[in-house]
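Computed over heavy atoms, backbone and side chain alike; hydrogens, waters and symmetry mates excluded. Here is the naming used below: chain letters follow the sequence lines, and residue numbers restart at 1 for every chain.
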Amino acid sequence: MLTEPQAVALQQQLRQRVVPEDAFVGPIRIVAGADVEYDKHSDLIAGAIVLLDADTKTVLEVATHVMKAPFPYIPGLFSFREMPPLLAAFRQLQHRPDVLICDGHGLAHPRRFGLACHLGVELDLPTIGCGKTRLLGQYPDLAPERGATAPLTDEATDEVLGLVVRTQTGINPVFVSVGHRISLASATALVLAMSEAVRLPETTRQADAHARQALLAALQQQ
DNA sequence: GCGACAG
DNA sequence: ATCTTGTCGC
């Protein structure tokens, strides 16, 4: 297994490949969601990638992979834990998505290389980080209406790491940041479009449900 | 030294 | 992440 300093060094090397602007052609037709589920009683984890039609939000394809957790949970090294099952699931897909929305951060990371960046660089795919809670950065009070945004800033460097985005009026916001090959503005627009009546993007909700299902199925066979 | 810390 | 259904409040 990778040691912690080795993982940090790898992040610092790979972060230089991140393209934080729109670098794709054509309309977004297929949006992917990715999530990993954990078993409380063992070290089994299940990753799921779901492909949705961007317009109808219909599920087009699902791929899952169950395995033993390859790396412990360490804030800032999250991707080394969730990447392996997600890559294994992604390799099974028959279609290639236009963009992937991750359950976790992209550039809003201590070394600017969260899970969304890592997956994006590894797959050479446009990716978006969409986390439920903050890893780092500060943000001002946010208007309560759906669509309201506020910058997430690293006050130590004054860098804007991403946007805090209210996807539903009166509901806790989500944290959107660039993963790879997409701008923050495009990423935010897509997250809002995929969250018309729910807090989290429909892609994340579907991925969560399918990862959970795959984990339960594996536990019952075993 | 202390607190914070994606899932 | 996981413990966890019904219940309280707008």
Original post:
Are the aromatic ring centres of A:Phe90 and A:His65 under 6.0 angstrom apart?
Top reply: no
Original post:
Between A:Tyr139 and A:Phe175, does the ring centre distance come in under 6.0 Å?
Top reply: yes
**OP:** Could you walk me through whether A:Glu202 and A:Lys57 pass the salt bridge (charged side-chain N to carboxylate O under 4.0 Å, His left out) test, one step at a time?
**Re:** CA-CA 7 Å; A:Glu202 196 57 39; A:Lys57 299 185 180 63; over 6 Å; no
Provide the closest heavy-atom pair for [X] versus [Y] in the form atom of the first, atom of the second, distance.
{"X": "A:Ser183", "Y": "A:Val178", "result": "C-CG2, 3.9 Å"}
{"X": "A:Leu125", "Y": "A:Leu100", "result": "CD2-CB, 3.8 Å"}
{"X": "A:Ser42", "Y": "A:Leu219", "result": "OG-CD2, 4.4 Å"}

Report each atom pair, protein N/O against N/O of nucleotides 2-7 of chain B, whose distance is under 3.5 angstrom.
residue : atom : partner  : partner atom : Å
B:dA4   : O3'  : A:Arg134 : NH2          : 3.4
B:dC5   : OP1  : A:Arg134 : NH2          : 2.3
B:dA6   : OP2  : A:Tyr73  : OH           : 2.1
B:dA6   : N7   : A:Gly76  : N            : 3.3
B:dA6   : N6   : A:Gly76  : O            : 3.4
B:dA6   : N6   : A:Phe78  : N            : 3.3
B:dA6   : N6   : A:His109 : NE2          : 3.3
B:dA6   : N1   : A:Leu115 : N            : 3.1
B:dA6   : N3   : A:His105 : N            : 3.0
B:dG7   : OP1  : A:Lys132 : N            : 2.9
B:dG7   : OP2  : A:Thr133 : OG1          : 2.7
B:dG7   : O3'  : A:Asp103 : OD2          : 3.0

Check the interface with nucleotides 3-10 of chain C: list each N/O to N/O pair with the protein under 3.5 Å, or write none.
none

**OP:** Report, as yes or no, whether the 6.0 Å neighbourhood of atom CZ on A:Arg81 holds more than 12 heavy atoms from other residues, nucleotides or ligands.
**Re:** yes
